[in-house]
Amino acid sequence: MAKFLTNKEESFSQWYNDLVIKADLAENSAVRGCMVIKPYGYAIWERIQAELDRKFKATGHVNAYFPLFIPKSFFSREAAHVEGFAKECAVVTHYRLKHSADGKGIIVDPDAKLEEELIVRPTSETIIWNTYKDWIHSYRDLPLLINQWANVVRWEMRTRLFLRTAEFLWQEGHTAHATREEAIEETTKIIDLYADFVTNFMGIPVIKGYKSPSERFAGAEDTFAIEALMQDGKALQAGTSHFLGQNFAKAFDVKFTNEKGKLDYVWATSWGVSTRLMGALVLAHADNNGLVIPPRLAPIQVVIIPIYKGSDQLDKISEIAINLKIRLEEAGLTVKYDNRDTQKPGFKFADYELKGVPVRLAIGPRDADQGTVEVARRDTLTKETISRDNVVSHVVSLMDEIHNNILKKATAFREENTHYVDNWDEFLDVIENKGGFVMAHWDGTPETEEQIKNLTKATIRVIPFDSPTEKGKCIYSGNPSDRRVLFARAY
RNA sequence: CGGGGUAUAGCGCAGUCCGGUUAGCGCAUCUGGUUUGGGACCAGAGGGCCGCAGGUUCGAAUCCUGCUACCCCGACCA
């Protein structure tokens, strides 16, 4: 078989880059650091959107849309926030172009300079809280539970398709609450929602936890995150939910009258997941044959491929295939019948494997005569021939089976690659030679965290919610610690 | 923003050192035919301002100067 992808054992990052392009997910654009998301990749993103949107609405959130541009002055109101994002902002300074004096090109018209520069949003807290000021006056206006689907721009030095692009798509939730407790409850509810989604829809197990203070979102009092382990042993932050305290309410002077008639600042949360999840999908599940898409996420769940000689056979097989497609669709599945005559079956087999379609059905003359269908699974690459009468119920049950198998495999991988480490040498050895998650004691100081990062490139991914209390000594400083935290090298 | 590299057909490259026919090769594309149970084969065809701007020369993809873009390694990061 010809080699179409770089093997991941050979070069993991090359394999990733190849796969994203060859599976038709995205490509680099003419604009530095910005990607073109291709129809197949976008179809997967739309699946992610649809399910998350359903979950947000089911928990009482509504969608709205805020401007792409943020006046510079808004940005500087929350000190930590501006500090965190200032280094990666695209700025609009002019609003008009004109022909250059030599007539050869177009230049920015110096007379069209903006009074106040506009920042292309890297995140929308400031514009949204400036708006909330007018929306919130009473406890009766709360809670305000709003989400927006948008693009944002962060001027990254080095970019990689889906994992880090200068522009990316995401959703950002921005909620306002009357009490601290309620805001914290919302922050928790969302990180649980994300964890449920990533685990049960994308088949990727995650660790939920707190970010250390130095890894917190700029302007947050607390950041919760879900961390997933990729096949190369690196961690990927798959979603974050921030408890913003009253920081933004104070910065934008958003006060409300509470039930007792007293004026108080509003409590806030914000949370988001991005097209980075597309990267997680590839890095968590794909193999040397291509993508492996968990069935609940797959834009095409079942593909039917005819095998035939001559148009008479094709007609006969098509009739069977189309009938089967209808029955599968009635059972709630998304089905594609690929009857293109321009590609041979072998090509199609390989192509749908590359694209990660969970189940492939092949129908040839033999099957037509015998009333059978060949059923192939993408996750195991196994094939079986079963009776046409049973195929619908079989494929329906395969959807859950494949999802469970993919999740089980990823979970087993994570368990095999989670190391409990109690001293520095061991820590170094695991980080350098094995990779994966490392559960170790930390003295709780940012200095130690910083030192460990400088020495090993490993960071504290999260302080897991479920990390039990356990007396120990910090692997770096030897100072006492009462719980383990999760270290890893990360994307 | 520091260090290194690259720029030739849609993609991947050779040719550049040492200037000289009509700038090649693989993949992809198109046409015709044979094929179709794991990425088909044969025959033919189309496709290039050799990154941009100057210069040297009878002659420049090739030599010189300047510019621009991109890639890799660091610092920064969802």
Side-chain angles (χ1 to χ4, degrees), chain A residues 1-6 11 13-14 17-18 21-22 27-33 83-89 102 104-105 122-123 150-160 162-172 194 211 214-218 223 225-228 235-242 270-280 289-290 305-311 313-314 317 338-355 360-370 372-374 376 381 383 385 453-454 457 459 461 490-491:
Chain A
M1 191 173 89
K3 206 177 100 182
F4 284 79
L5 290 173
T6 304
S11 167
S13 64
Q14 190 62 45
N17 293 340
D18 273 12
I21 289 166
K22 299 245 169 78
E27 63 189 29
N28 283 304
S29 71
V31 184
R32 192 204 79 99
E83 182 63 28
F85 287 103
K87 287 165 287 179
E88 50 186 35
C89 286
D102 62 11
K104 280 185 189 164
T123 181
N151 59 337
V152 286
V153 170
R154 295 181 189 177
W155 212 263
E156 299 291 349
M157 291 299 167
R158 273 168 77 180
T159 61
R160 240 179 133 193
F162 290 120
L163 296 171
R164 176 159 294 110
T165 46
E167 178 193 16
F168 57 93
L169 306 184
W170 75 347
Q171 59 69 217
E172 47 181 325
Y194 285 157
K211 283 286 180 188
S214 55
E215 295 272 333
R216 255 177 219 151
F217 176 76
T223 288
I226 49 172
E227 289 285 329
L236 186 128
Q237 179 175 303
T240 48
S241 182
H242 315 291
S270 71
W271 29 274
V273 299
S274 72
T275 35
R276 203 179 207 206
L277 286 177
M278 299 286 295
N289 292 319
I305 295 171
I307 298 160
Y308 56 92
K309 290 178 187 167
S311 60
Q313 274 189 4
L314 177 60
I317 289 165
D338 187 350
N339 65 345
R340 284 178 299 170
D341 193 39
T342 50
Q343 312 293 348
K344 293 183 45 162
F347 177 90
K348 295 178 187 174
F349 291 174
D351 194 45
Y352 290 105
E353 272 164 21
L354 181 60
K355 297 218 162 107
R360 178 185 74 229
L361 305 179
I363 305 171
R366 246 175 11 228
D367 300 297
D369 293 342
Q370 294 167 11
T372 56
V373 177
E374 184 188 84
L381 292 169
K383 297 190 275 200
T385 299
K453 182 180 177 181
N454 291 339
K457 290 182 185 164
T459 50
R461 303 317 305 155
Y491 276 95

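Here the structure is a predicted model, which is why all the values come from computation and not from measurement.
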Looking only at atom [atom1], what distance separates [N] and [M], rounded to whole Å?
{"N": "G51(B)", "M": "U6(B)", "atom1": "P", "answer": "13 Å"}
{"N": "C52(B)", "M": "A60(B)", "atom1": "P", "answer": "15 Å"}
{"N": "A9(B)", "M": "C13(B)", "atom1": "P", "answer": "11 Å"}
{"N": "C72(B)", "M": "C64(B)", "atom1": "C1'", "answer": "28 Å"}
{"N": "A61(B)", "M": "C49(B)", "atom1": "C1'", "answer": "12 Å"}
{"N": "A78(B)", "M": "C17(B)", "atom1": "P", "answer": "48 Å"}
{"N": "G20(B)", "M": "G24(B)", "atom1": "P", "answer": "14 Å"}
{"N": "G32(B)", "M": "G10(B)", "atom1": "C1'", "answer": "24 Å"}

query = Mind pulling the stems RNA chain B is in, i.e. runs of at least three Watson-Crick or G-U pairs, everything under 3.5 Å?
reply =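 As far as RNA chain B goes, consecutive pairing (with distances under 3.5 Å) yields the stems B:1-7 with B:68-74, B:10-13 with B:24-27, B:29-34 with B:40-45, B:51-55 with B:63-67.
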
Measure the distance from [atom1] on [X] to [atom2] on [N] and round it to the nearest whole Å.
{"X": "Leu277(A)", "N": "A78(B)", "atom1": "CG", "atom2": "P", "answer": "15 Å"}
{"X": "Asp369(A)", "N": "G37(B)", "atom1": "CG", "atom2": "P", "answer": "17 Å"}
{"X": "Arg340(A)", "N": "U36(B)", "atom1": "CZ", "atom2": "P", "answer": "19 Å"}
{"X": "Glu167(A)", "N": "A78(B)", "atom1": "CD", "atom2": "C1'", "answer": "14 Å"}
{"X": "Arg366(A)", "N": "G38(B)", "atom1": "CZ", "atom2": "P", "answer": "9 Å"}
{"X": "Asn151(A)", "N": "A78(B)", "atom1": "CG", "atom2": "C1'", "answer": "14 Å"}
{"X": "Ile307(A)", "N": "G37(B)", "atom1": "CD1", "atom2": "C1'", "answer": "4 Å"}
{"X": "Gln313(A)", "N": "U36(B)", "atom1": "CD", "atom2": "P", "answer": "9 Å"}

Closest to side chain of [X], choosing from [options]:
{"X": "Asp351(A)", "options": "G39(B), G38(B), G37(B)", "result": "G39(B)"}
{"X": "Pro345(A)", "options": "G38(B), U36(B), A78(B)", "result": "U36(B)"}
{"X": "Ser274(A)", "options": "G37(B), A78(B), G38(B)", "result": "A78(B)"}
{"X": "Phe349(A)", "options": "G37(B), G38(B), A78(B)", "result": "G38(B)"}

- Message: For a quick test of reading the model: is some side-chain N or O of Lys87(A) closer than 4.0 Å to OP1 or OP2 of C76(B)?
- Response: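 No, Lys87(A) has no side-chain N/O under 4.0 Å of OP1/OP2 on C76(B).
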
For G37(B), does OP1 or OP2 lie under 4.0 Å from any side-chain N or O of Lys344(A)?
->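 Indeed, a polar side-chain atom of Lys344(A) lies that close.
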
#### Entry: Any donor-acceptor N/O pair under 3.5 Å between G37(B) base and Lys309(A) side chain
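Absent.
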
- Message: For G39(B), does the base pair up with any side-chain atom of Gln343(A) as donor and acceptor (N or O, under 3.5 Å, distance only)?
- Response: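 Counting by modelled atom types and ignoring angles, no donor-acceptor contact under 3.5 Å is found here.
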
With a non-hydrogen cut-off below 4.0 angstrom, is [X] in contact with a base, only sugar-phosphate, or nothing?
{"X": "Glu156(A)", "value": "base"}
{"X": "Leu236(A)", "value": "nothing"}
{"X": "Arg160(A)", "value": "nothing"}
{"X": "Ser311(A)", "value": "nothing"}
{"X": "Asn28(A)", "value": "nothing"}
{"X": "Pro306(A)", "value": "nothing"}

Review point. Tell me, do Trp155(A) and Lys87(A) make a side-chain contact under 4.5 Å, heavy atoms counted?
Key: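 Of all side-chain heavy-atom pairs linking Lys87(A) with Trp155(A), none is under 4.5 Å.
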
- Side-chain heavy-atom pair Lys211(A), Arg461(A) within 4.5 angstrom cut-off: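 Heavy-atom side-chain distance check passes, below 4.5 Å.
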
With Asp367(A) via side chain to side chain contact (heavy atoms under 4.5 Å, CB included) - residues at least two apart
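Scan of Asp367(A) (side chain to side chain contact (heavy atoms under 4.5 Å, CB included), adjacent residues dropped) gives Ile363(A), Thr372(A), Thr385(A).
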
* When you check the side-chain N and O atoms of Ser214(A) and Arg216(A), is any donor under 3.5 Å from an acceptor? ->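 On atom types as modelled, these side chains do not qualify, holding no pair under 3.5 Å.
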
*asked:* Does the structure show Phe168(A) stacking with A78(B), if we require the centres to be closer than 5.5 Å and the planes to be within less than 30 degrees of parallel?
replied: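 Given the distance and angle limits, yes, they stack.
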
*Lys/Arg cation over aromatic Phe349(A): Arg360(A), 6.0 Å, 45° cone*: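 Relative to the ring axis of Phe349(A), which defines the angle, Arg360(A) lies inside both limits.
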
Got a list of protein N/O to nucleotides 73-75 of chain B N/O distances below 3.5 Å?
residue, atom, partner, partner atom, Å
C73(B), OP1, Arg158(A), NH2, 3.3
C73(B), OP2, Arg158(A), NH2, 2.1

